[in-house]
K.L.:
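Have a look at the structure that comes next, please.
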Number of protein chains: 4
Amino acid sequence: MKTKDRIIKASLELFNEHGERAITTNHIAAHLGISPGNLYYHFRNKEDIIRCIYTEYESYIVEAFRPYDVEHESDLGFMVRFLDGMLQVMWRYRFFYANLGDILNRDDELRARYVKVQEKMDVQSASALRILRDNGTVELEDIYIADLAQTLKMIVACWIGFQSTQKIDGTVTKNEIYQGVLRVLTTFRGYIADKARPEFDRIETQYRQLLKDSAAETAEI
Amino acid sequence: MKTKDRIIKASLELFNEHGERAITTNHIAAHLGISPGNLYYHFRNKEDIIRCIYTEYESYIVEAFRPYDVEHESDLGFMVRFLDGMLQVMWRYRFFYANLGDILNRDDELRARYVKVQEKMDVQSASALRILRDNGTVELEDIYIADLAQTLKMIVACWIGFQSTQKIDGTVTKNEIYQGVLRVLTTFRGYIADKARPEFDRIETQYRQLLKDSAAETAEI
Amino acid sequence: MKTKDRIIKASLELFNEHGERAITTNHIAAHLGISPGNLYYHFRNKEDIIRCIYTEYESYIVEAFRPYDVEHESDLGFMVRFLDGMLQVMWRYRFFYANLGDILNRDDELRARYVKVQEKMDVQSASALRILRDNGTVELEDIYIADLAQTLKMIVACWIGFQSTQKIDGTVTKNEIYQGVLRVLTTFRGYIADKARPEFDRIETQYRQLLKDSAAETAEI
Amino acid sequence: MKTKDRIIKASLELFNEHGERAITTNHIAAHLGISPGNLYYHFRNKEDIIRCIYTEYESYIVEAFRPYDVEHESDLGFMVRFLDGMLQVMWRYRFFYANLGDILNRDDELRARYVKVQEKMDVQSASALRILRDNGTVELEDIYIADLAQTLKMIVACWIGFQSTQKIDGTVTKNEIYQGVLRVLTTFRGYIADKARPEFDRIETQYRQLLKDSAAETAEI
DNA sequence: AATGAATGAGCATTCATTCAT
DNA sequence: CATGAATGAATGCTCATTCAT
């Protein structure tokens with residue numbers, strides 16, 4: 001792997017584990033066994049590293065918004081896969097959300113990019129909800145669509161960080177991803193049309209099982 | 001006002017405006033026109049200031065959980081007033097939530113206190129939901145109560161911080177409080193029983209009006 | 001007791017236990033439950049406290065140099081009582097010797113007083129040795145008297161501090177006083193005349209017993 | 001010279017001249033014309049500098065304990081060269097002994113290392129005395145060997161520091177080294193066997209001459 | 001590409017001391 | 001006599017960043 005990529009990889013890992021605030025550029029260099037000078041050969045400054053990580057994150061997000069394969073999966077099935085994917089990204093870049101305010105306050109350019117993507121997400125999410133509404137999967141009046149879309153996004157975005165503040169040890173595992181998907185489903189529950197209820201229940205049951213298995217596995221370790 | 005209180009007040013203001021990370025103890029002292037030594041006469045260290053602010057915050061939270069006046073208000077009416085109060089607190093101590101992870105990671109004692117209050121909130125919210133369910137205001141199965149309670153708490157807790165990341169200028173005003181209450185109502189909407197729907201709609205309309213008025217006022221300024 | 005005396009007493013105790021460097025004027029005031037301002041009402045500064053302690057110490061030293069009761073004790077017996085007294089003083093003011101260099105470097109006036117007393121001690125010790133030599137208790141040429149006197153003084157002066165550096169826990173107890181007297185006797189041993197040897201041995205045996213008793217007592221605790 | 005070595009050298013000089021307490025890391029950096037950051041690039045903290053100086057000191061001590069060349073020198077001759085070497089070390093690291101208590105109290109690891117070396121010195125000194133006794137150079141009963149060994153060590157260890165407290169100007173010169181050797185000899189004098197007396201006197205005379213020459217030289221300056 | 005010594009402004013904190021009350 | 005808030009220079013130390021090699 002190229003040094004530049006190794007720096008990004010190590011920074012992401014260290015940021016996620018100890019928080020961006022606690023990790024200095026010297027920590028990153030030492031962790032990789034390279035000199036601080038070399039790190040600054042590849043990146044202009046610490047912000048630059050964070051921007052690169054953000055770029056990576058953004059491409060994952062865009063990827064997650066790919067249209068669904070209408071022939072091989074139901075729309076609810078797609079939705080769940082989408083949520084799952086999003087939460088994986090939130091997990092992968094959890095340091096970013098833990099310090100989102102600080103990071104955006106320090107870097108106007110990054111903020112502009114971030115806000116732009118957020119707006120795009122709002123639009124796409126709303127249109128997805130509208131499709132679900134139009135084909136009778138959910139029952140939802142127009143005026144609530146934008147709000148619900150943003151609420152779901154917020155739950156996904158805040159989930160990992162919020163969970164880590166609710167526990168005395170502060171550790172978060174991948175388990176929380178399944179819990180996060182379930183939480184979005186629960187939030188969604190009230191809007192599901194009767195005709196889609198059976199499939200919805202099936203999906204929920206299936207995720208509950210995944211969570212149980214994952215929790216058992218974690219406990220074993 | 002006593003110097004100790006002035007330090008707490010100034011710290012809270014500066015933390016909210018610039019972020020806890022960006023504000024040093026010397027900034028606080030200079031802002032108040034006192035010497036750094038004097039600040040340390042009143043507080044052992046920066047953490048101590050944050051803990052004092054947290055204590056203040058905690059007492060607001062506890063205050064917000066007072067039982068409702070059953071003779072003079074409906075349960076939905078109480079709920080809205082409660083949400084309103086909670087969001088005011090979130091606004092008042094928004095720096096705390098913006099840096100929650102960092103702050104709790106650095107201070108185990110504070111984390112313990114925070115987690116304890118969070119658990120108490122979960123219990124009380126769940127029991128409030130159960131009352132609403134039992135008197136027919138909402139329709140909600142037992143297994144969903146805990147999750148819904150926590151989701152609502154999460155929306156309230158993350159609302160201010162999340163909003164400030166969604167806008168290019170990053171500023172959040174008290175308007176967002178009305179929006180926050182409305183968002184919780186929307187999330188709640190799917191669970192409201194038919195018989196409570198009229199009152200629910202009335203309350204929502206009323207809050208939409210408050211928001212419109214407030215937004216107009218802000219715009220004027 | 002007067003506040004001034006309480007400050008001196010507390011300072012001496014705290015300095016001895018934690019070292020002068022580690023004890024601030026605020027520590028002393030807090031330990032006594034008085035205000036720092038009050039401490040500075042009684043003393044101009046920290047140095048002033050140390051000077052007062054020194055004055056007390058000096059009077060003990062002068063006291064120890066009282067002539068001996070020629071009718072009721074032998075000269076060797078007197079010498080041992082004298083050594084014992086000196087070492088008690090060294091114990092009582094052990095912080096002073098532990099930081100002697102620092103303290104004298106910071107306070108020229110104190111240094112002048114200290115040096116003056118030291119010179120007086122040298123003269124008096126030498127004349128005492130001369131008496132012992134003249135009455136045949138010790139065998140010692142003139143040219144060695146001054147040196148031996150100073151060596152003995154040095155052993156007494158450094159004893160407590162030196163012992164505390166030789167042990168892993170750094171604690172020194174009153175036991176070390178008996179050991180100190182014995183060490184001076186051992187150093188003296190080579191110069192004792194044959195005719196005084198029996199009494200010398202008797203005194204040494206007696207002190208060894210005292211040490212054994214004291215050590216046993218310490219162990220019990 | 002490497003910067004790290006320059007820092008050690010400058011620290012040792014400044015500590016010796018003004019006392020460890022009075023010299024801050026910023027003083028050292030300013031004295032060398034380097035930034036405080038650079039100093040902390042080479043050393044983790046002030047303690048680390050002191051530990052490095054101590055390591056240097058320890059290697060000198062170990063060096064001084066090399067066995068003597070039985071073919072080319074007498075045992076008394078060796079002893080004097082050894083004492084001379086030890087006192088040179090005490091001179092070179094005099095700040096260390098002046099603040100020994102403080103330094104060891106603040107640094108448990110250093111204390112452990114120091115105590116270990118002290119114990120080794122006691123053992124080696126005692127066995128050296130036993131050799132001198134066995135070949136008839138000194139007359140000394142077994143039970144006094146350990147005590148005499150420690151007394152001599154104490155005189156060597158405290159000599160420089162003690163001398164600096166005995167003079168009104170507080171300055172100590174290399175002259176004191178010769179005086180120190182002579183003082184140890186005087187302390188030893190009482191135990192020398194008759195057959196070794198002539199050589200002992202010769203050595204003493206020789207050192208007295210060295211001292212006289214050195215004093216004259218110092219006076220000239 | 002990479003090194004690693006060097007920078008320097010800044011940080012949290014300390015503490016002997018002052019002074020109005 | 002006594003209080004306790006206030007001072008401010010100083011301390012040990014950090015860290016993003018630079019630059020000659």
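Heavy atoms only: backbone and side chains are in, while hydrogens, waters and symmetry mates are out. Keep in mind the model is a prediction, meaning the values are calculated, not measured. Proteins come first, then strands; the chains are lettered A, B, ... in the order of their sequence lines, and each starts at number 1.
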K.L.:
Restricting to non-hydrogen atoms, name the atom on Phe43(A) and the atom on Cys52(A) that form the minimum distance, rounded to 0.1 Å.
P.N.:
CE2-SG, 3.6 Å
K.L.:
Among side-chain atoms of Arg111(B) and Thr165(A), is any donor-acceptor pair under 3.5 angstrom?
P.N.:
no
K.L.:
Students often mix this up, so state it plainly: with edges at 30° and 60°, are the rings of Tyr57(A) and Phe96(A) parallel, tilted or perpendicular?
P.N.:
tilted
K.L.:
Taking only side-chain nitrogens and oxygens of Thr3(C), does any of them come within less than 4.0 Å of OP1 or OP2 of dC1(F)?
P.N.:
no
K.L.:
Tell me: CD1 of Ile28(A) to P of dT3(E), nearest whole Å?
P.N.:
15 Å
K.L.:
With sequence neighbours excluded, what pairs up with Arg106(D) under the side chain to side chain contact (heavy atoms under 4.5 Å, CB included) test?
P.N.:
Arg21(C), Glu20(D), Glu47(D), Asp102(D), Ile103(D)
K.L.:
Which atoms of nucleotides 8-12 of chain F (N or O only) lie under 3.5 Å from a protein N or O atom, and what are those distances?
P.N.:
unit_1  : atom_1 : unit_2   : atom_2 : d
dG12(F) : OP2    : Thr25(D) : N      : 3.1

K.L.:
Going by atom types only, do Ser164(B) and Arg94(B) share a side-chain donor-acceptor pair under 3.5 Å?
P.N.:
no
K.L.:
Would you mind reporting whether Arg6(A) and Lys2(A) have side-chain heavy atoms less than 4.5 Å apart?
P.N.:
no
K.L.:
Using only heavy-atom distances, determine whether the side chains of Tyr60(D) and Glu56(D) contain a donor-acceptor pair under 3.5 Å.
P.N.:
no
K.L.:
Check the phosphate of dG4(F) against His42(B), side-chain N and O only, distance under 4.0 Å to OP1 or OP2. Yes or no?
P.N.:
no
K.L.:
Could you tell me how far apart Ile7(C) (CD1) and dT3(F) (P) are, to the nearest whole angstrom?
P.N.:
10 Å
K.L.:
Hey, which of these two, Gly33(C) or Arg44(D), hits DNA chain F nearer its 5' end, going by closest nucleotide?
P.N.:
Gly33(C)
K.L.:
Tell me: NZ of Lys4(B) to C1' of dA6(F), nearest whole Å?
P.N.:
16 Å
K.L.:
For DNA chain F, which ranges pair as stems of 3 or more consecutive Watson-Crick or G-U pairs, with both donor-acceptor distances under 3.5 Å?
P.N.:
E:2-21 with F:2-21
K.L.:
With rounding to the closest Å, how many angstrom separate the C1' atoms on dT21(F) and dA1(E)?
P.N.:
13 Å
K.L.:
Quickly work out the Tyr41(A) OH to dT21(F) C1' distance and round it to whole Å.
P.N.:
15 Å
K.L.:
Tell me what Leu39(D) touches on the nucleic acid: a base, only sugar-phosphate, or nothing, going by heavy atoms under 4.0 Å.
P.N.:
nothing
K.L.:
Answer whether the closest heavy-atom distance between the side chains of Leu104(A) and Tyr114(A) falls below 4.5 Å.
P.N.:
yes
K.L.:
Write down the distance between CG (Leu14(B)) and P (dC11(E)), rounded to a whole number of angstrom.
P.N.:
13 Å
K.L.:
Please answer whether the main-chain N or O of Thr24(A) pairs with a side-chain N or O of His27(A) as donor and acceptor at a distance below 3.5 Å.
P.N.:
yes
